[in-house]
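What follows is a single structure, written as structure tokens, with notes after it.
Indexing begins at 1, ligand by ligand and atom by atom, following the structure's order.
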Amino acid sequence: MITKQKGTYDIYGEEAKKRLYVNDIIKGICEKYNYTYIETPVFEATELFHRGVGETSDVVKKETYDFVDRGERSITLRPEGTAGVVRWFIENKLYGNMTEPVKVYYNEKMYRYERPQSGRNREFTQFGVELIGSDDVMADVDVISLAYQTYTLLGLDTKIKINTLGDNESRLKYKDALIKYLEPHMDELCEDCKERISKNPLRVLDCKIDGEKDIIKGAPITLDYLNEDSLNRYNKLKDYLDLLEIPYEEDPRLVRGLDYYNHTVFEIYTDIEGVNFALGGGGRYNGLIKELDGPEMPAVGFAMGYDRTMIAIDAAGVNIPYKKDIDVYVMYVSDSEKETASYIVQNLRLNGFTTETDYLNKGLKGEFKSADRFNAKFLIILNDKDLESNEVNVKDNVTKEEEKVNINDLIDYLDMHD
Ligand code: AMP
């Protein structure tokens, strides 16, 4: 028997219905915030992700699905959404005549070769947005607000952890201080972090192995190294969040490890018991577009994972209003009524009723059972005798009342009794 791959899963039944509901919420909120939908390819040139996500990141060092295709190209499965969007932005020269920022959202599968555990899979779905072309703190707030409102609409109480990395000057000063602090502790760090100290010390702070160690907890914090502009910008961000009543907590240890982040970084958490991981996160990445051979161009974005969001929704007992029952089950006694049954089924569906029928020639007894299984509100029972006068039997499965109704009046009848 062929089984699914480790860290992958099938989505079906109630889980699938819940995810479709989450999709609807996302689509609705992105429309309100005026982000348009984008799909980028599942696979891209390896170089895009290695450069875009950063050679020293855990994702690139250990987690990307890299392979050589039949044309000898080096290919990588998409581990995150930002690099693909930025490649699209640069490739189409959208920076040429920008009159508005580019605002897009994606909702797609990602691939990382991770050790599977709760909320961590090898194939997973992320929803994310990117706002390219504005350096204004209002853009950062737009993205944080969209993220926060998405969870609120899903019925989840969340809080945003925020921090700032500052501009390049501040970040460099901080980086120096961090290296000075970490170097004497070199022996206490994992092999990867030893290498990171010289290449990108900020990554040491969110290393999965070293992140919780006391030496990391005692490390310098970015706030102490901000220049005046960066500090003002950070204070402005907080003013906006206060104004928009978005709850946040300052977390001076939060540094998203990706090389291209600057200024705002944020992650989204919930207090729900058993959900002790970030649901999503994002921040400003003014350095990435240049890094990928585009022009100097400010940008900010956010991504959330579906797996963790679904876990949080279940843990919080959120009641997702997806349709569980059908409206009508159409039954027939014998073969001779099937064509009319088929016609009625189509007509009901076209008029907005969720309708089911019998494809297995079960006979009336089996059909009654099916109707109950689908929790049908109405049963429509066809028999040749009634059809001679163009009538069918309609039974309200809740009140158990039964009535003969002319086929031409069916829709009106159901509308009235629904
Ligand atoms: P990242 O791109 O690593 O910043 O992750 C953003 C969000 O994607 C996280 O907060 C998670 O919700 C989700 N995520 C990241 N990696 C995984 C994974 N392996 N499995 C499931 N969700 C993930």
Side-chain angles (χ1 to χ4, degrees), residues 4-11 15 19 22 26 40 42 44 48-50 52-54 56-65 76-86 105-130 143-144 146-148 150-151 154 156 158-163 165 200 202-203 205-208 211 251 254-261 264-270 272 274-285 288 299-316:
K4 60 186 179 307
Q5 292 296 301
K6 200 172 161 186
T8 68
Y9 47 86
D10 304 301
I11 300 165
E15 170 78 6
R19 284 191 180 226
V22 174
I26 286 172
T40 62
V42 170
E44 302 255 13
L48 173 70
F49 296 119
H50 281 222
V53 182
T56 53
S57 64
D58 272 351
V59 172
V60 167
K61 276 176 83 84
K62 299 181 201 150
E63 295 167 6
T64 46
Y65 276 88
T76 293
L77 298 187
R78 181 178 60 208
E80 56 91 57
T82 306
V85 169
V86 167
Y105 78 97
Y106 58 83
N107 195 354
E108 51 199 12
K109 296 272 182 161
M110 306 295 169
Y111 300 85
R112 295 183 194 175
Y113 194 83
E114 299 209 63
R115 184 133 39 90
Q117 51 190 283
S118 169
R120 196 170 285 287
N121 289 293
R122 291 187 175 170
E123 182 185 67
F124 59 98
T125 304
Q126 270 187 351
F127 152 58
V129 307
E130 314 293 350
V143 169
I144 294 177
L146 184 150
Y148 176 70
T150 304
Y151 288 108
L154 287 172
L156 290 175
T158 52
K159 59 172 176 271
I160 319 279
K161 286 190 183 175
I162 58 165
N163 191 25
L165 303 172
N200 186 355
L202 264 70
R203 283 200 195 287
L205 303 185
D206 62 3
C207 167
K208 285 175 196 154
D251 179 357
L254 182 66
V255 287
R256 318 249 316 149
L258 304 180
D259 287 330
Y260 47 74
Y261 280 102
T264 310
V265 280
F266 68 96
E267 279 189 347
I268 299 191
Y269 284 86
T270 163
I272 301 161
V275 189
N276 45 7
F277 35 61
L279 297 176
R284 182 159 279 286
Y285 53 91
L288 178 64
V300 54
F302 144 82
M304 78 166 213
Y306 265 57
D307 307 57
R308 296 182 195 183
T309 302
M310 302 317 290
I311 291 172
I313 283 175
D314 287 341

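- For the pair R78 and Y111, the cation does not sit on the ring face, since its NZ or CZ is not both under 6.0 Å from the ring centre and inside 45° of the axis.
- Taking all heavy atoms of F124, F277, Y111 into account, the minimum distance to atom 18 (C) of ligand 1 is reached by F124.
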Inset, instruction - Show your working on ring pair (Phe, Tyr, Trp, His ring centres under 6.0 Å) between Y306 and F127 and close with a plain yes or no. - result: CA-CA 7 Å; Y306 265 57; F127 152 58; 7.6 Å; no

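- Of all the atoms in ligand 1, the ones that sit under 4.0 Å from a non-hydrogen atom of L279 are 10 (O), 12 (O).
- Ring-plane geometry between F266 and F302 is classed as parallel, the angle between the planes falling under 30 degrees on a 0 to 90 degree scale with a further cut at 60.
- Taking each heavy atom of A315 and V275 in turn, the nearest pair found is CB-CG2, 3.8 Å.
- For ligand 1, the atoms closer than 4.0 angstrom to any heavy atom of E114 are 16 (N), 17 (C), 18 (C), 19 (N).
- For R308, every heavy-atom contact with ligand 1 shorter than 4.0 Å involves the side chain, none the backbone.
- For G305, a nitrogen or oxygen atom sits less than 3.5 Å from a nitrogen or oxygen atom of ligand 1, counting backbone and side chain alike.
- With sequence neighbours excluded, the residues satisfying side chain to side chain contact (heavy atoms under 4.5 Å, CB included) with D251 are K161, R253, L254.
- Those atoms of ligand 1 that come under 4.0 Å of a heavy atom in G119, given as number and element, are 20 (N), 21 (C), 22 (N).
- Residue contacts with ligand 1, taken as heavy atom pairs separated by less than 4.0 Å, involve Q126 solely via side-chain atoms from C-beta onward.
- The contact set between ligand 1 and N121, taken as ligand atoms under 4.0 Å from a residue heavy atom, comprises 18 (C), 19 (N), 20 (N), 21 (C).
- Remark: K109 engages E123 in a salt bridge (charged side-chain N to carboxylate O under 4.0 Å, His left out) (not counting sequence neighbours).
- Distances from atom 15 (C) of ligand 1 to the heavy atoms of R120, R115, R112 put R112 nearest.
- Close contacts between ligand 1 and A278 involve ligand atoms 10 (O), 12 (O) [criterion: under 4.0 Å to a heavy atom].
- A278 and E267 make their closest contact through CB-OE1, 3.9 Å (heavy atoms, listed as atom of the first residue, atom of the second, distance).
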